[in-house]
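Accompanying notes for the structure given below.
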There are 2 protein chains.
Amino acid sequence: DLREQICQLLSPAEGVLQGKHVLITAGPTREAVDPVRYVSNHSSGKMGFALAAVAQQMGAEVTLIAGPCHLPTPPQVKRIDVESAEQMLKAVQDRVTAADFFIACAAVADYRPTAVADSKIKKSASSMTLELVRNPDILATVASSSKPPFTVGFAAETHAVADYAQDKLKRKRLAMIAANDVSDTSIGFNSDENAISLFWLDSQQQLQSKPLDKASKQQIARGILEQAARLHTSNDYSIATD
Amino acid sequence: DLREQICQLLSPAEGVLQGKHVLITAGPTREAVDPVRYVSNHSSGKMGFALAAVAQQMGAEVTLIAGPCHLPTPPQVKRIDVESAEQMLKAVQDRVTAADFFIACAAVADYRPTAVADSKIKKSASSMTLELVRNPDILATVASSSKPPFTVGFAAETHAVADYAQDKLKRKRLAMIAANDVSDTSIGFNSDENAISLFWLDSQQQLQSKPLDKASKQQIARGILEQAARLHTSNDYSIATD
């Protein structure tokens, strides 16, 4: 409501994450085909890096696990660079038990080549088949662990965004999900702006949502972190039970 | 010989390419799988950008056709950004008839996904098959045209480098080829240094070679361009006839 909005604007939320450890993944992953070729995606890492910067400003101790990104490390953020999904999972598992919040913002490659060729594959045939195998699901692995942190996922879809996001929230047993429509090229991948919708289940397992209108990725990051901190503190959220 | 080396050091080769148009491709290409995923390779574009900068310093009018690179455009170089191999071929064909030299330094993806999905492919199966089709061969297309410019190719291999380079020189009907061993991670992709061997056929169709020892990519670029200019001016080279 209006009162809440005004109060939010007046309280800049500094210190809201004081004493909390926030673990964030960002950027794409690269999955090697051979020593020179790889499969990847268009994630710039900007949203994840904005989350890291803002979480630090809000008082958190922040660890940022980044796929290949051409972005500077935010001040006082501990950055760990990785390439592949398997490397990212390892880096997350090494640090997640100490985390109060886990925000999986990286665009992890869903599949990787089944076998990485030792030397560069020679081109010869007019066509070629690349066999791919599913990568580990970092988000679901963390969220389904015995004592998970407050886990936030992202859904980047080109259509039916809200439906996919709600399904993913429940299926992966997340505390909250941030959904954005990457088919709108003015926001999302590589853009400096974003517009998303947050979804979560309240303590009665009722779906709740909150839109964060188009704004800078810094402002969106603040909106996500404030909502996560609010739910974590009030405990007014639940994990899907079915 | 020593005399030639000393003369080279004394004459800085400024103006050697005065009045010449040099067309250079650089960087990787990205081949879309769907709106978010792509196949690419580890080329940083540094070697091609160094060639463009040095060719301009040597007096040439330079057009640089670049795949996705995070590099600044060298002074007074005309840069055209492209993503895919097909876009790169189109950009080259639009400009190659005006070129005296064509230097194909880009690491063009050999294959692209057969069909680009309109919307993001949903992950579901534990494995997946990606069907790929050969990309157009930009280098061979230019070199086999009716009146090609002096065409220089690159061979980036992980083993048997010299053999592959000589075969490629003849098979693609190039004027000269620059071979480097990308399995040595201290040079090549993403490194600031490089070490290559140049190969060409003299006017008697005899294979000639010249090593350019490990040095900055700027110095290697100068070595390549000086040798290309020398062969082009003296006409002491030939294209494989078989």
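Values below: all heavy atoms of this structure, side chains included; hydrogens, waters and symmetry mates excluded. Letters A, B, ... are given to chains in the order of the sequence lines, protein chains preceding strands, and every chain is numbered from 1.
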Can you name the residues that form a side chain to side chain contact (heavy atoms under 4.5 Å, CB included) with B:S84, not counting sequence neighbours? B:E31, B:E86, B:Q87

When you check the side-chain N and O atoms of A:T129 and B:E131, is any donor under 3.5 Å from an acceptor? yes

For the residue pair B:L130 and A:L132, what are the closest heavy atoms and their distance? CB-CD1, 3.9 Å

Partners of A:S209 by side chain to side chain contact (heavy atoms under 4.5 Å, CB included), sequence neighbours excluded? A:F199

Spell out the residues in residues 67-83 of chain A that have some non-hydrogen atom less than 4.5 Å away from a non-hydrogen atom of chain B, in order of number; otherwise answer 'none'. A:H70, A:E83

Mind checking the CZ-CG spacing from A:R37 to B:D110? Nearest 0.5 Å is all I need. 4.5 Å

Please examine the side chains of A:H42 and B:R30, heavy atoms only from C-beta on, and report whether any two atoms are closer than 4.5 Å. yes

Counterpart residues, side chain to side chain contact (heavy atoms under 4.5 Å, CB included), relative to A:A104 (two or more places apart): A:T25, A:F102, A:L139

